[in-house]
Peer 1: 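Encoded as structure tokens, here's the structure I'll be asking about.
Every heavy atom of this structure was used, including side-chain atoms; hydrogens, water molecules and symmetry mates were not. Proteins come first, then strands; the chains are lettered A, B, ... in the order of their sequence lines, and each starts at number 1.
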Amino acid sequence: MGEKGLTSFFEDFLSKESLFSNKQALQSSFIPETISHRDSEIKQVANILAPTLKLEKPSNLFIYGKTGTGKTLTIKHITQNLSNLAKERNIPLKIIYLNCKLKKIADTEYRLIAQLVRELGSEIAATGLPTDEVYKSFFNILDSQKQHILLILDEIDQLVKKTGDEILYNLVRVNEDLKQSQITLVGISNDLIFVDTLDPRVRSSLSEEELVFPPYNAIQIQDILRQRSKEAFKEGSLGEGVIEKCAAYAAREHGDARRALELLRVAAEVAERNNLKTVNITHIDEAEDKIEKDRIIDTITHQPKQSQATLYSIISLFLKRKESIFTGDIYEVYKNISPQIGLRPLTQRRISDIVAELDMLGIINAKVISKGRHGRTREISVLVPPVILNKMKKVLEEGLALS
DNA sequence: CGAGATTCATGTGAAGTATACCTTTAGGCTTAA
DNA sequence: AAGCCTAAAGGTATACTTCACATGAATCTCGTA
């Protein structure tokens with residue numbers, strides 16, 4: 001495309017009628033004015049957290065529910081209200097929301113507490129300090145003025161799985177030592193049996209109140225989609241049956257509303273890119289593939305180099321021969337390619353862990369099996385459709401600067 | 001033929017090491033009185 | 001003499017390695033029918 005062509009392309013782009021009137025409304029970070037089909041949950045959570053406004057200590061709260069059941073949304077909606085009101089009335093209420101899954105931010109005890117200190121407006125070193133020291137500064141900031149902290153830990157199960165429940169024990173215990181401030185914990189988890197794995201002391205104090213968010217059914221998802229698309233799209237942008245199909249796809253799993261919204265948004269983007277004025281059903285299938293692809297590509301590009309190299313080894317093995325792949329095979333391949341990339345080869349012990357991590361990410365499926373006389377290993381398969389597989393390989397080659 | 005022992009290839013936990021970063025401390029230099 | 005800077009010392013978290021033991025079904029062994 002020449003200079004002129006590019007300019008006119010952008011001009012075309014600007015003058016093009018968009019399907020969207022407010023695309024934001026379909027983004028998963030969007031918090032709508034009203035949340036449908038969660039009335040009773042909202043009421044309950046609000047009831048539990050309301051005492052914060054009088055600076056009384058509410059019960060700690062634990063929320064379960066599968067992905068896309070509106071847990072995070074509900075909590076954010078409520079805390080937004082709380083915090084507005086608190087500001088209006090000059091109530092010293094500080095709300096901290098942390099997603100424990102975020103690598104390098106809140107995925108270890110040290111990092112979580114350090115991040116809390118930062119949220120409270122103070123600098124702290126990323127490493128090097130004793131954990132006690134970090135706790136101490138957290139403590140000091142907390143108690144430096146009278147205030148109430150509402151601490152929301154999203155995907156808390158991930159954190160505990162990795163680092164144990166000591167953090168939670170420390171956090172629930174903090175109140176005993178604080179003179180001026182108080183801290184209330186809200187844990188969010190999509191693992192339903194998570195609390196059972198906790199130390200009993202932690203369990204009883206963390207889940208003083210428990211709340212389960214049930215999945216949405218297809219009708220409810222349709223409702224949500226309609227409501228949001230009213231805001232997001234211009235009139236007449238959606239074709240016949242589009243919403244129904246998105247809802248059906250999402251309900252097929254377990255009523256994941258986030259997925260339904262994403263499906264709708266991406267389908268519309270596809271339609272828009274094709275210069276169409278309306279979204280129709282075929283776009284949804286396209287969107288489904290695209291979402292899956294983007295998700296995978298996104299996760300792998302954000303992996304550390306060593307994980308990428310491991311994954312690359314797995315994929316090349318998988319493409320070469322379809323039969324089952326074992327850890328030993330992977331390590332052989334990995335050992336060969338890692339110097340080409342300029343990586344110091346890690347030991348098999350570590351690769352074993354990395355393979356387990358990739359399994360957790362859902363990119364591959366690694367099952368520990370016993371081959372009897374021939375020992376024990378992980379049997380690995382790649383879960384991804386072949387089309388994406390090639391794309392993945394390409395992305396990895398780029399990321400690793402492999403030819 | 002079948003129960004029990006053996007075996008293999010790697011899983012897995014614990015302890016040790018390297019690296020990167022932190023604070024404290026002590027020495028040396030500068031500066032101002 | 002006081003103040004400031006720098007480098008060494010001593011500490012920590014994290015990612016990785018090393019060591020050693022655990023696993024568990026296919027396979028082997030050997031007593032028995």
Peer 1: Among A:Leu112, A:Ile124, A:Leu116, which residue meets the side-chain contact (heavy atoms from CB on, under 4.5 Å) test with A:Val134?
Peer 2: A:Ile124
Peer 1: So for atom CD, which belongs to A:Glu33, do other residues, nucleotides or ligands contribute more than 12 heavy atoms lying within a distance under 6.0 Å?
Peer 2: no
Peer 1: Could you tell me which residues satisfy salt bridge (Lys or Arg N to Asp or Glu O under 4.0 Å) with A:Arg259, sequence neighbours excluded, listed by chain and number?
Peer 2: A:Glu288
Peer 1: What's the closest nucleotide to the A:Thr131 side chain, out of B:dG11, C:dA13, C:dC16?
Peer 2: C:dA13
Peer 1: Between the protein and nucleotides 5-9 of chain C, list the N/O to N/O atom pairs that are separated by less than 3.5 angstrom.
Peer 2:
none

Peer 1: Is A:Ser352 reaching over with its side chain to a backbone N or O of A:Gln348, donor-acceptor style, under 3.5 angstrom?
Peer 2: no
Peer 1: Heavy atoms only, 4.0 Å cut-off, all strands: where does A:Pro345 land among base, sugar-phosphate and nothing?
Peer 2: sugar-phosphate
Peer 1: Among the nucleotides B:dG11, C:dT14, C:dC16, which one has an atom lying closest to any side-chain atom of A:Gln306?
Peer 2: C:dC16
Peer 1: With a 4.0 Å cut-off, would you call A:Arg349 and A:Asp353 a salt bridge?
Peer 2: yes
Peer 1: Do nucleotides 15-24 of chain B as a string where each nucleotide becomes B, S or -: B if the base has a protein heavy atom under 4.0 Å, S if just the sugar-phosphate does, - if no protein is that close.
Peer 2: ------BSS-
Peer 1: What pairs with A:Tyr135 under ring-ring contact (aromatic ring centres under 6.0 Å, His included), at least two apart in sequence or on another chain?
Peer 2: none
Peer 1: Could you tell me whether A:Lys293 and A:Asp289 make a salt bridge, using a distance below 4.0 angstrom between a side-chain N and a carboxylate O?
Peer 2: no
Peer 1: For A:Gln227 and A:Thr34, does a side-chain donor sit closer than 3.5 Å to a side-chain acceptor?
Peer 2: yes
Peer 1: Starting at atom CD of A:Glu379, determine the distance to atom P of B:dC8, rounded to an integer number of angstrom.
Peer 2: 21 Å
Peer 1: Return a single string for nucleotides 19-28 of chain C, one symbol per nucleotide in 5' to 3' order, where B is base contact, S is sugar-phosphate-only contact and - is none, cutoff 4.0 angstrom on heavy atoms.
Peer 2: ----BBBBSS
Peer 1: Is it the case that A:Asp191 and A:Ser189 place a side-chain donor and acceptor less than 3.5 Å from each other?
Peer 2: no
Peer 1: Count the heavy atoms belonging to other residues, nucleotides or ligands that lie under 6.0 Å from CZ of A:Arg258, then report whether that count exceeds 12.
Peer 2: no
Peer 1: A:Arg350 CZ to C:dT17 C1': how many Å, rounded?
Peer 2: 11 Å
Peer 1: Checking A:Phe213 now: which residues fulfil ring-ring contact (aromatic ring centres under 6.0 Å, His included) with it, not counting sequence neighbours?
Peer 2: none
